[in-house]
Amino acid sequence: EDGIRDVERSRGLGDVYKRQIMQRDYPKVLLETKLLAAKDIMKRTGVRVLPVVRGRYDNTFEGYLTRYDVIKVTSLKSDARAVDFLRINPVLYPDMDINEAAKAIIDSGLKALPVIKSLQEPECVGILSLSDILRALIALGYTPKAKSINEVYTPSFEAVDADERINRVWAKFVEKEVPAILVFKGERLWGIITPKDLVDQRAWMFHREAEGKLPTPGKVKTFMTRGVVVAQVNMPVEEAAKFMACLLYTSDAADELDGV
């Protein structure tokens, strides 16, 4: 994110939108779709945001769900529906300057936002992510002012012990919308856990009904991602950007590089 801000300050990004960089092929759900079903769709497709439309034959945009929203359900028997958790803002519009769009995405903390045709015609026409913008910048030959990650990285981060209970981490995700938490075993970095890990798994759901009593929440080490992407502080920003850009826009490599 700091790297994208760095490029924004150095040159305009008006030409980037002309490349039509937003994602146009994406899943949608209905207002009455169960949150558990929405979570499964996000797991299957890897999308960061899931647009919600009015009806099966009515494509009117009503809002969208994020990974933070779909993991709020902690029981496999939940009847919660998309209409109960959807967000309305922020959204992007096709005529927005790409600088403005990038700032909106960064400020949202979501790394991707839906693009709506207009206020008068509320139809979702695509999804734009920071990774989309990053790939476009590289393709257009933009280079950041900063030379190494040491100049742009954020030194603060969230951390947790590998033996911590998953409900403590879950609370940080849904209450603070933390993008990623580093997992340590003693002083050694052992892995990372992100909202995507909880989207992709069910065993963590600590309100699962089991023989009439609630199970003890599992430990973070059971659900975390091992073998995380690690960036050294002296790594060139261009090298890190190209690595991140070659991954799918749904990847959490950006979260990992944000934290390590």
Side-chain angles (χ1 to χ4, degrees), residues 1-3 35-36 39-40 42-43 46-48 65-78 80 85 106 108-112 130-131 148-235 240 243-244 247-248 250-260:
E1 294 177 4
D2 288 335
L35 213 59
L36 287 172
K39 178 175 176 289
D40 286 342
M42 297 190 88
K43 172 185 177 180
V47 293
R48 290 181 178 275
L65 297 170
T66 71
R67 291 171 177 171
Y68 298 112
D69 302 318
V70 299
I71 65 172
K72 288 177 180 177
V73 169
T74 60
S75 169
L76 293 174
K77 294 186 177 182
S78 173
F85 292 88
I106 292 171
S108 75
L110 300 176
K111 294 186 171 62
L130 291 183
S131 294
S148 71
I149 286 180
N150 186 53
E151 299 175 54
V152 296
Y153 85 104
T154 302
S156 60
F157 56 87
E158 292 278 348
V160 67
D161 186 84
D163 289 321
E164 182 61 270
R165 296 294 177 182
I166 192 65
N167 57 311
R168 299 290 183 86
V169 167
W170 171 85
K172 290 186 178 183
F173 288 148
V174 300
E175 294 173 7
K176 299 181 180 180
E177 297 196 350
V178 175
I181 300 176
L182 302 184
V183 183
F184 286 82
K185 187 175 183 179
E187 296 184 356
R188 181 168 65 92
L189 177 63
W190 208 22
I192 192 170
I193 188 163
T194 71
K196 187 175 187 300
D197 291 310
L198 302 192
V199 169
D200 292 347
Q201 301 176 70
R202 285 190 168 194
W204 66 269
M205 301 177 79
F206 45 85
H207 283 155
R208 291 178 297 117
E209 290 74 8
E211 298 180 357
K213 62 180 181 180
L214 297 179
T216 300
K219 295 182 178 181
V220 172
K221 63 185 178 185
T222 305
F223 312 106
M224 70 180 188
T225 296
R226 301 169 189 260
V228 298
V229 179
V230 176
Q232 303 294 330
V233 292
N234 60 349
M235 184 179 187
F243 172 77
M244 294 168 66
L247 301 176
L248 292 174
T250 56
S251 172
D252 273 335
D255 293 339
E256 295 170 11
L257 284 172
D258 272 347
V260 183

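- Atoms OG1 and NZ, on T66 and K111 in that order, are 12.0 Å from each other to the nearest 0.5 Å.
- Expressed to the nearest 0.5 Å, how far CG of L76 lies from CE of M205 amounts to 5.0 Å.
- Distance check: W204 CH2 to L198 CG gives 5.0 Å after rounding to the nearest 0.5 Å.
- With respect to the salt-bridge test (charged N to carboxylate O, under 4.0 angstrom), the residues D161 and K219 do not qualify.
- A donor-acceptor pair under 3.5 Å is formed between the side chain of W170 and the backbone N or O of I71.
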- Message: Could you go through R165 and T216, starting from their C-alpha distance and side-chain angles, then the distance that decides it, and tell me whether this counts as side chain to side chain contact (heavy atoms under 4.5 Å, CB included)?
- Response: CA-CA 9 Å; R165 296 294 177 182; T216 300; 3.8 Å; yes
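- In this structure, the side chain of K39 engages the main chain of V199 through a donor-acceptor pair within 3.5 Å.
- Atom-to-atom distance recorded for T154:OG1 and I149:CD1 is 11.5 Å, nearest 0.5 angstrom.
- Here the closest heavy-atom approach between residue L110 and residue R48 is recorded as O-CD, 3.9 Å.
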- Query: Could you go step by step and tell me if R67 and D197 meet the salt bridge (charged side-chain N to carboxylate O under 4.0 Å, His left out) rule?
  - Reply: CA-CA 10 Å; R67 291 171 177 171; D197 291 310; over 6 Å; no
- Message: Using side chain to side chain contact (heavy atoms under 4.5 Å, CB included), reason through Q201 and I166 one step at a time and then give a plain yes or no.
- Response: CA-CA 12 Å; Q201 301 176 70; I166 192 65; over 6 Å; no
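- Atoms NZ and CH2, from K221 and W190 in turn, are 5.5 Å apart once rounded to the nearest 0.5 Å.
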- Show the numbers, then the answer: is there a side chain to side chain contact (heavy atoms under 4.5 Å, CB included) between N167 and T74? CA-CA 10 Å; N167 57 311; T74 60; over 6 Å; no
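- Environment of NZ in K72: crowded, with over 12 heavy atoms of neighbouring residues, nucleotides or ligands closer than 6.0 Å.
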What donor-acceptor contacts under 3.5 angstrom involve side-chain atoms of residues 175-189, with partners at least two apart or in another chain?
unit_1	atom_1	unit_2	atom_2	d
E177	OE2	R87	NH1	3.3
E177	OE2	R87	NH2	2.4

